[in-house]
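Reading through the structure tokens given below for one structure.
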Amino acid sequence: MRETSHSKQPVVRVEELAIGYATRQGLVRAVRDVSFEIRRGETLGIVGESGCGKSTVAYGLVNYLGKNGRIVHGDIIFQGQSLVGRSPEELRRLRGDQISMVYQDPMTSLNPVMPIGAQMAEVLTVHRKMAQDEARRRCLAMLTKVAMPDPEAVLARYPHQISGGQQQRVVIAMALLNDPALLIMDEPTTALDVTVEAAVLDLVVQLRKEFDTAILFISHNLGVVARVCDRVAVMYAGEVVELAPVREIFANPRHPYTQGLIRCVPKIAHTKGESVLYPIPGRVPAPDSLPAGCTFEPRCQYAIEACHQQRVALAPLSPSHASRCIRSHEIDAQAWLPPDVEVPSLTAVTSGATDGPVLQVKALNTYYKQGGGGILGLTKRPPVRAVDGVSFSVARGVTLGIVGESGCGKSTLIKTVIGLEERTAGTIELMGVDIGKLSRRSLATIREMQMVFQNPDATLNPSYAVGQQIARPLRRLAGVPKAQVRAEVIKLLRAVKLDEYYYDRLPRQLSGGEKQRIGIARALAGQPDVILCDEPVSALDVSVQAAVLNLLGELQQANQMTMLFIAHDLSVVRTITDYVAVMYLGRIVEIGPSSAIYAPPFHPYTESLLAAVPVPDPTVKQAHIRLGGTPPSPANPPSGCRFHTRCPRRSLLPAGGNICTEEEPPWRDVASDHQIACHLTLEQLAAIEPVFSFGKEE
Amino acid sequence: MGVLLRSPIFMAGLLLVGFWVVVGIFADDCVVRPNCWVGGATSLQSTPWLARYSPYEQFRGQIRKPPSMEHWLGTDSRGRDIWARLAHGARPILTLAPLAVLLALIVGGTLGLIAGYYGGLVDEVVMRILDGMIAFPQILIYLVIIAALGASAVNVVLAITIAGAPGIARLVRSLALDIKTRDYIAAAETRGDPPWYIMFVEILPNARGPIIVDAMLRVGYAVFAIGTLGFLGLGLPPPSPDWGSIVQVGRTAIQAGHPWEALFGSLAIAMLVVGLNLIADGLSEELQRYR
Amino acid sequence: MLVKDYMLRHPVTIEPTKRAVEARRIMTEQGIDFLPVVGDGRQLQGLITPSCLEISPERLASLDVWEITRYLSNLTVARVMVKREALHYTHPETTLEDAASLMIRHKIGGLPVVEGKDLVVVGMITNADLLTELRNILGAVEPGWRLTIRVPGNHGELVQLTREISERGWSIMAMGNVRAVRAPEHWDIVLKIWGCTREELLAVVEKNPTQELLDLRETTYVTR
């Protein structure tokens, strides 16, 4: 442990910051009364739902507020000097010299037509007038520091030739080239897969120690924040409502909003039967229509008359913990009682209890043809094997979750089942009858199977009112007579817990959660037997996500529907599904009851996924397993076991796991409904340490 | 819509175009006299309103006179009032140009939707043919068609429709390619909606913004095209008042010190085209803000 | 033990065009004695030390009150700083002892740490940092027995002692070794030892008569 005498003066101190945007309705204060400081080598996390002003604070720090935005109050002291009111030229120089930013999408920071080495070196040659070869040497050293495989080769590549995780590494390396005093990271891992995200977060933690950089880390994901931050500021409606060390935030949250946020995040420790998610009622107020008193008062169950009267200031509870609530001292998160809202209690279903499968998929292949390679496109290229030999069956009323990294074929699988993609081989049987191409399916078959889509902004046609969009499948699939359509639509709206007056609303007047509810209502219109959900909650904020998950679970249970549920978030999958299938490169590698696959014996890939999940609880210890390398291309999958190129457990097999590269892994039956495709024996798999240990303190 | 009225660009465009629309409609009392429609524009019985004179009336001794109180914009080589001719000339141009664009929209829009939605071979064939047409200069297409079919109002519309459709098809196709990837299209497919329904009911309404802006610009081009055809003597047959031919006739007198005919004719065309462009700009600006 | 391990990274800096008053405010607020002056790209231009900000009375004697105010507000950092040509600086890869020699030789309390030919400021190292290192070398932050012995400058004395300690399973938490100031042919060795009692330790030391016990005391955790 090295200890230096360096003064503990903060690198950046933000005082009562308020940022406003000039709109046609006048000045709207998107951020108000935000104060915090970050010291050397410290990471401050800002969490909150979308529209809470997190990013605005970050952009405010470097005065990147666009034409109509400006700092209307407060001060930002960076390294002893105020940043407010400096000339754009000074700020530009500062950004280059001392402050760096990393954005969500790495491609926004990379120039697509320039090799990576050239654009990295540019930072040094243009800004510091460094010689070319010296700059190149430094770029190489920095790429090595961010654990980039084969850095020498990467320098010569173009951004599109490397994977998303590697692009983000390049961006981080570029941000660190100038040795900035402050690094602002705005959702740096949101666009990445969970396994890549874990590696990037490791990198952030390690680099902060090495470079003594102050980091402002913005994320909507509580789990990510728990992993990298020292202190956390929770933002709500443009204000910091709670500021505390990371352990305090999770162990002893004092603001009702923080408590609510933590309660509505699905916990990886909980299975379907045990978990109850309590969504926060209402929605974040728009900055131009804030309530008169406490901004959270309309959604707060602890609200008393005084909360309604006046604005609340951020008040210290201890030297390191502050909360913006007049009742912080009396509210105890442990003594919290569920409010009087219905929260569905879901019960896990096992297939043994039901009759034959509703949906059965056998040896399904979906290949995409690739355009020809070479000049003139004459060379034949192998097809992309998006789904390659997948078999499973689902019984009535059972929910099957499908998880895996992006590109593993889970979306293609679901699209093939519903008929949006054409299969190459295999059978899809609905109640024992093979269903073909979408255009050849009868209306009756179409009605039995409906889908809920991922992106709330694209799921509804922006040109039509909500009522018309739900009416269409009602008329078409359920054959409801014209006169009764309106009544039926309203019935469906009520089923997804929306009021009658939504009938005439246009999609742009709705929030993400509301759009997703309409999408669910539309899918339910034909009273389907099977409902397919393609990441229905991944684009939603946590509080809304909880409500939508509850709704889906409840409707599925009430209507005894069979559900296929895709998600990349394993905690979400666990709270809603009975069975889980883990996919890797177009294959299912493990399938079993959701209660079983979260503990050994599990497939090494499942283990890696679990180890990468960001857990919103700093006391939970997670095994440190990180997948090396990048996923191979599904156009040219590895021989033998497809996971062998990245498998962390291959060394357990004799001869360095030669068998993995040569032979396809056999199916090992853990139980009648739990199978793992691996060369390791069940005994070896069972001997692996569990990923999670829920010890209290170390 | 209310937002549009606050946009200065849009309002300026509306003012310029609106001027000619009002002048065109109220040039004479034809709007209130049904029998004038039967007789056609050549009817001399109409009472001039805003035009002040009939476009055909020749004033004795008033040949190529500069603007005066009597004749606001002067007179032409035959002693006719230029203002009256321009006012009446607004009529065919303001009917034919939008009509031609509307037809081009129907043809090009349908082709673009089909190509964009189906993709693959259909797209390939349709777009190659249309690309082939785009490869010819538009003016050449006009000349070929008019030369083959003869100069008449119908043929002018036809020429502009044929020349404009490929561009519109291209635009609509690109919009359709984007929109068809949205989830709501997949939702329509999964409930078994037929392709025509998806194309015209689900895709088309969401492409309307760019299409309207493009159409406005195209009306401007069409005004230009009609002017050009008139200039080349391929527009409406004389003695109908036609802006293009007014410029053409006036052109010869410029060097003789009588620029008024050519000047005001060109100005009229420019005003209308600039006005339509401003409307298009205002619309697209508001559409972007709205997104 | 290189400069880069002990220096202050991302030091507070100031631009040469700023006013001297501003420099003074920053130094007071941040509690620092050295303020590197940097230009574009954080290139070292000079250094502000407290003495730069002292105003010589003879300079002001001829001015009236209003003129003094004007004089002060016009005084820029560039005018008062120690210019780069007259400045000593060091590099991140330099050893701590070299940096210390530089500071001793020139009687200065702090050095800017620069990188590359263009002298980009990457840190600041001060005598406080060196003292911190001394404290850590002597193991002040670790509990244990602090033993000081004087040995003749023969080879093997230290080796023998450390072998004795490790054989017994005790740990050496820290060690310092310096030529005795008043007995040039001897060496003074400071050891921080953990895992034994006073008597056990004394027994080991007394085994070897050439070693002279100077001091033995127990230390506890030092709060940082």
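The sequence lines fix the lettering, A, B, ..., with proteins before strands; numbering per chain opens at 1.
Minimum interatomic distance between Leu420(A) and Glu189(B) (heavy atoms only, all atoms of both residues): CD2-OE1, 3.2 Å. Asn455(A) and Asp183(B) get closest at one heavy-atom pair: N-OD2, 3.5 Å.
Within 6.0 Å of atom OH in Tyr502(A), more than 12 heavy atoms from other residues, nucleotides or ligands are found, so the atom counts as buried in its surroundings. Few gaps surround NZ on Lys180(B); more than 12 heavy atoms of other groups in view lie less than 6.0 Å from it. Other residues, nucleotides and ligands contribute at most 12 non-hydrogen atoms within 6.0 Å of the CZ atom of Phe224(B). For Gln527(A), the CD atom sits in a loose shell: 12 or fewer heavy atoms of surrounding residues, nucleotides or ligands are nearer than 6.0 Å.
Atom CZ of Arg441(A) and atom OG1 of Thr190(B) lie 10.0 Å apart (nearest 0.5 Å).
Side chains of Tyr197(B) and Arg476(A): no donor on one and acceptor on the other come within 3.5 Å. A side-chain donor from one of Asn206(B) and Ser463(A) sits under 3.5 Å from a side-chain acceptor of the other.
For residues 107-136 of chain B, an interface with chain A (any heavy-atom pair closer than 4.5 Å) does not exist.
Side chain of Tyr184(B) to main chain of Pro462(A): no donor-acceptor pair is present (N/O by atom type, distance under 3.5 Å, no hydrogens or angles). Checking side-chain atoms of Asn461(A) against main-chain N and O of Glu202(B) turns up a donor-acceptor pair under 3.5 Å.
Contact tally against chain B (heavy-atom pairs below 4.5 Å) for Gln469(A), Gln454(A), Gln450(A): the top residue is Gln450(A).
If you measure heavy-atom distances from Arg522(A) to chain B, the contacts under 4.5 Å come from the side chain alone. Heavy atoms closer than 4.5 Å to chain B are found in the backbone of Leu460(A), but not in its side chain.
Applying the salt bridge (charged side-chain N to carboxylate O under 4.0 Å, His left out) test to pairs two or more places apart or on separate chains, none has a residue in residues 96-119 of chain B.
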Take Arg472(A) and Val201(B) through the side chain to side chain contact (heavy atoms under 4.5 Å, CB included) test and state the conclusion after the steps. CA-CA 11 Å; Arg472(A) 178 73 189 169; Val201(B) 183; over 6 Å; no
